[in-house]
Structure formats: structure tokens, C-alpha cells
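Report on the following structure.
To find a chain, count down the sequence lines: A is the first, B the second, and so on, and within it residues start at 1.
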2 protein chains.
Amino acid sequence: MAQRKVISFENIRVACRNCTLSQLCLPMGLVAEDVDRLDGIIKRSRPMHRGDHLFRGGERFRSLFVVKTGSVKTYAPSSEGGEQVLGFHLPGEIIGLDAIEKDCHACSAKVLETSAICEIPFHRLEELASSIPSLQHQMFRLLSKEIGHDAEMLLLLGKKNAEERLAAFLISMSKRLSKRGLSATDFYLSMSRHEIGNYLGLAVETVSRLFTRFQDEGLLNVDRKHVQVLDLRSLEGIAGIVQAEDHQQHSN
Amino acid sequence: MAQRKVISFENIRVACRNCTLSQLCLPMGLVAEDVDRLDGIIKRSRPMHRGDHLFRGGERFRSLFVVKTGSVKTYAPSSEGGEQVLGFHLPGEIIGLDAIEKDCHACSAKVLETSAICEIPFHRLEELASSIPSLQHQMFRLLSKEIGHDAEMLLLLGKKNAEERLAAFLISMSKRLSKRGLSATDFYLSMSRHEIGNYLGLAVETVSRLFTRFQDEGLLNVDRKHVQVLDLRSLEGIAGIVQAEDHQQHSN
DNA sequence: CGCTTAGTTGATTGGGATCAAACGTAGTGG
DNA sequence: CCACTACGTTTGATCCCAATCAACTAAGCG
């Protein structure tokens with residue numbers, strides 16, 4: 001039993017490395033020793049369940065969180081009781097970057113399904129970044145990536161119609177899941193239609209109708225939360241993603 | 001003449017400090033020596049004119065830019081020739097943070113009126129941040145602030161109607177200008193109606209009609225690009241900004 | 001097995017886009 | 001200086017996409 005526990009702990013460590021640290025380390029080399037130092041400040045938490053909060057708006061900011069398995073949504077209360085879903089966070093993705101500035105969380109983060117979450121105390125991460133330049137650089141890149149992603153969302157909400165939005169959402173899910181080694185064409189959506197609609201700036205009914213339409217058009221198979229993408233290429237076309245190597249007619 | 005030039009140069013240095021550095025230094029203390037080191041890596045550029053580009057999408061990322069005077073818009077090409085205006089940048093604000101990740105600019109930055117722009121070579125800033133922990137912290141805060149601002153925009157584009165969007169835009173301009181010592185109620189908009197509409201996800205005509213309506217309702221005086229805010233409070237009400245200290249009825 | 005919540009489908013409506021046209025305003029060159 | 005052009009802005013008329021309203025079905029759950 002004791003033996004098993006040790007093995008289990010090691011497995012967690014390995015899993016956590018693969019998942020938590022890759023965002024910070026993968027793109028370019030931290031030496032093994034630095035990875036160990038980084039690994040040393042990461043707190044593993046017990047599994048969290050649907051509806052649990054990582055943090056709520058207004059709370060003091062202490063840590064960043066990394067999704068190891070499962071999924072999390074972040075959302076901000078809008079005036080008049082409603083809320084705006086700001087994002088869905090899949091394994092390997094980081095949560096809480098927006099709270100650094102005010103030292104206080106402006107949004108809330110709620111677990112969508114049973115999930116394993118790592119916690120990284122931010123002040124310790126900052127200390128480490130001070131002494132490891134490449135880690136500092138990775139952190140700048142991480143923050144910057146979030147800004148770039150937000151810009152894509154601004155374009156989506158500002159310029160795209162309902163169909164394009166849902167297609168872009170599905171493509172995004174597909175890409176992010178496949179990046180983590182999961183299927184790009186067969187996955188479960190852990191969020192409700194309502195949450196998808198909220199995120200995309202659409203009514204629930206519109207989302208539902210579009211799922212039906214995509215299915216009718218042979219782009220998807222949808223059964224409840226289970227999605228099978230049948231025609232990724234067409235979906236990308238709808239989402240307005242231009243294939244770089246394809247024929248470009250309107251080169252402007 | 002030589003004398004005058006020296007004075008002028010010093011004035012520029014002082015102006016540049018007040019303006020460029022405040023974003024990086026103001027919130028908490030860098031010691032004077034560190035401010036000098038930071039000041040040392042900032043490049044002053046000659047005035048730029050309407051239509052000039054700070055950078056274009058696809059270019060290699062080398063520097064961040066800070067608006068000293070004037071204004072700049074950033075925009076990304078959307079598929080099918082259109083473009084999405086990502087932001088308007090007023091004095092004291094930083095441009096280019098989204099390019100850190102890919103080491104390449106994803107959007108373009110175009111000067112809206114005659115402007116003075118400072119350039120900060122990013123790799124030198126990173127070096128400096130490594131050796132000045134409080135500067136590193138300021139930079140994290142800066143990036144984080146951008147993410148927070150983007151989240152506000154997501155809420156605006158996802159949940160607010162045309163009227164609320166334009167009101168929010170005007171309030172934002174008012175606040176940001178007054179933060180720089182300019183009037184909060186009397187200012188010139190350097191961007192066209194078309195650019196405002198693009199930014200807010202609205203058609204030009206809608207923006208124009210709303211300006212007219214706000215004027216009819218006694219909220220504004222508008223003459224071309226000149227805006228006088230007559231009723232800031234009501235405008236904030238429309239924008240959905242809840243006054244904290246006012247009576248809260250629906251505390252939920 | 002009721003009860004509640006999530007999801008689907010249909011009917012209707014409305015806000016803002018689009019189309020169309022007039023009107024400055026700025027710039028350009030004769 | 002004024003005609004000419006081009007562009008930005010305003011205003012009006014019409015249309016359409018997606019929201020809303022409404023009814024129903026399917027799941028989850030105590």
C-alpha cells in the first residue's frame with residue numbers, strides 16, 4: 001500500500017510535469033535543474049468537481065492555476081445579473097493571468113467536470129522568473145499569447161455571424177484537444193449549450209439550431225455533448241480560416 | 001540656437017519620462033537609478049504622421065511602442081479583405097504586447113494623427129527586467145492589464161447593444177484622456193466614424209445615428225470630431241457602469 | 001415517479017445591417 | 001478663386017439575422 005502510494009505520487013508528478021509545465025517550459029529550453037525548481041513550487045490539489053470554484057471575482061490573487069485534466073470556465077458578472085463567459089480552459093491551459101494587475105480576481109473560475117488542477121503561487125513564480133531569464137521570457141510569451149487569443153475573440157464577436165462563430169468554436173476545441181493528444185474529430189463538450197451561446201454572444205436556441213444544421217449538412221454528428229466532426233475542412237471554411245497553401249484567387 | 005536645442009532635448013526627455021515611463025514605473029517604486037537605466041534603452045523617434053505605420057502584420061517583432069502624444073490604432077486583417085480594429089491607443093499607452101509570443105506582429109499599428117512615439121527594444125527591456133524584479137513585476141502587470149481590458153471588450157461585444165457600446169466607448173475615451181490631464185468632457189476623436197464602428201462591431205450608419213441621438217437627448221454636443229460630454233452620469237448609466245456608492249436595490 | 005433543468009423546434013419580432021441618396025468637407029489642379 | 005473629385009458623414013427606407021417568446025421533449029435526480 002505504501003509502495004503503491006509512492007508509485008502513484010510519482011505518476012502524478014510525471015503527469016503534472018507533462019501537463020502543467022509544458023506551457024512554461026516546452027517552447028524553449030529550461031535546463032533540467034530549472035525545471036526541477038519550477039516543479040518544486042507547483043502545488044497539486046485533490047480532484048475538483050463540477051461546480052467547484054478555483055476562485056471568485058473579488059478574491060485576493062495568490063496563484064495561477066493550470067488545468068491538468070478536465071475543464072474550467074471563467075466568467076465575469078455583467079451588469080444586471082447576467083454573466084459573460086470569458087473562456088473555456090482545457091488541459092495544459094493557464095487560468096488567472098488577468099488578475100496579476102489588480103492583485104485581485106476580476107472574474108470567477110468554475111470547474112465544468114471532475115478535474116485535476118495545479119496551483120502555482122504567483123509570487124514564487126515571479127521569484128523564480130527573476131533568476132531564470134528563459135522562464136521570465138516564457139511567462140511574457142504566455143501573457144502575450146493570451147492577448148493574441150483575446151484579439152481573435154474580438155474579431156469573432158465583432159465581425160462573424162452565428163454560423164462562423166460556432167464553426168470557429170468547434171475548430172478551436174478540436175485543435176486544442178488534439179494538441180493534448182486527444183482526438184481532433186471526436187470529443188465531448190463539457191459545457192452546456194447555454195454556456196457556449198454565452199461565450200459566443202449567441203442565444204441558446206441559435207446554438208442548438210446551428211448544431212442541428214451542421215449535422216443536417218453532414219459536417220458533424222452531434223449527440224448531446226458528444227461531437228464527431230465529419231468534415232473538418234468545410235468547418236474551417238465556414239469559420240473563415242483560410243488555408244494558406246490553397247489557391248488564393250483574391251490576393252487583393 | 002545650440003542652447004535652444006539642448007533645452008528642447010531636455011524637455012523631450014522630461015516629457016518622455018512623464019509619459020513613456022509612467023506605465024512602467026508609476027504604480028510602485030523603481031529607485032531613481034533603475035529609472036535611469038530604463039530611460040537609457042528607450043529610443044525617441046521623430047514625429048510620425050497620419051497614416052504612418054509603427055509596424056505591419058507579419059513583421060518581425062523587435063520593440064514595444066509607447067504613445068507619447070497623438071493616437072494610434074491597431075487592427076488585424078479579417079478574412080475576405082475586411083479588417084478588425086483592435087484598439088485605439090492614447091498617450092501613455094503601450095502597443096505591441098501581443099507580438100511577444102510569436103516574435104512576430106499579428107496586427108498592424110497605424111498612426112491616426114501627428115504623434116510622438118517612443119520605441120523600447122524588447123530584448124533590452126527583458127534584460128533589464130531580469131535584473132530589476134520590480135520592473136519584471138510591472139511588466140507582468142502591464143500584460144495582465146491588457147488581458148483584463150480585452151475581457152471588458154469581450155463583454156461589450158458579446159452582451160451590449162449598440163447604444164451601450166458607444167456610451168462605453170465614450171466613457172473609456174473620457175477616462176483615459178482625463179487620466180493624462182486632458183479634459184474628460186471636451187475632446188477630439190482622432191478616428192473616423194467608420195473606425196469607431198469597426199471597433200465596436202457596428203455599422204458606420206449606426207454610429208452616426210447614435211451620435212445624433214445622444215445629442216438630441218442632451219448627453220453630448222457633437223461637431224464632427226469634436227465631442228463635448230454634457231451628462232457623463234447618464235452616459236455611464238447607459239454604458240452599464242454601476243455607481244458603487246449609489247443605492248443598490250438588487251443586491252442579489 | 002414527479003420535479004427540475006437542459007435542449008430542441010417553431011413562430012414572431014426587432015435591432016441593427018444594408019441599400020440608397022443627399023450633403024458637407026477636404027483636397028487638387030486648372 | 002472655383003470647379004471637380006473623393007471621401008466621410010448624415011439621414012431615410014428596407015431587409016434580414018438572430019433574439020425572443022412559446023411549446024414541447026428529453027435527461028438527470030432525489
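Listed by chain and number, the residues in a side chain to side chain contact (heavy atoms under 4.5 Å, CB included) with B/S208 amount to none (sequence neighbours excluded).
Checked by atom type, the side-chain pair A/H226/A/D186 shows a donor-acceptor distance below 3.5 Å. Defined by atom type and a distance below 3.5 Å, a donor-acceptor pair is present between the side-chain atoms of A/T74 and A/H89.
Among pairs with a residue in residues 190-218 of chain A, those fulfilling salt bridge (charged side-chain N to carboxylate O under 4.0 Å, His left out) read A/K73-A/E195, A/E163-A/R213, at least two apart in sequence or across chains.
Within the nucleic acid shown, A/A162 comes within 4.0 Å of sugar-phosphate atoms alone, with no base atom in reach, counting heavy atoms only.
Across its full length, the helix from C/dC1-D/dG30 to C/dG30-D/dC1 shows an angle of 40° between the axes of its 5 terminal pairs at either end, rounded to 10 degrees.
Contact annotation: the side chain of B/I95 never approaches that of B/I117 to less than 4.5 Å [non-hydrogen atoms, C-beta and beyond]. Annotation: side chain of A/K43 is not in contact with side chain of A/I120 (no heavy-atom distance under 4.5 Å).
Rounded to whole Å, the distance from CD on A/E205 to P on C/dA6 is 13 Å. A straight line from CG of A/L189 to P of C/dA6 spans 16 Å, rounded to a whole angstrom. One can place CG of A/L112 at 13 Å from P of C/dA6, the figure rounded to the nearest angstrom. At whole-Å resolution of the value, CZ in B/R165 and C1' in C/dG16 are 10 Å apart.
Bounding nucleotides for the chain B contact on DNA chain D, 5' to 3', at a heavy-atom distance below 4.0 Å, are D/dT9 to D/dA13.
Listed by residue number, the members of residues 191-201 of chain B with any heavy atom below 4.0 angstrom from DNA chain D are B/S192, B/R193, B/H194. Contacts between residues 210-220 of chain A and DNA chain C, defined by a heavy-atom separation below 4.0 Å, involve A/T212, listed by number.
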Under the side-chain contact (heavy atoms from CB on, under 4.5 Å) criterion, do A/M173 and A/L90 qualify, and how do the steps go? CA-CA 9 Å; A/M173 293 300 287; A/L90 305 182; 4.1 Å; yes
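The base of C/dG10 sits with one of its N or O atoms less than 3.5 Å from a complementary donor or acceptor on the side chain of A/R209.
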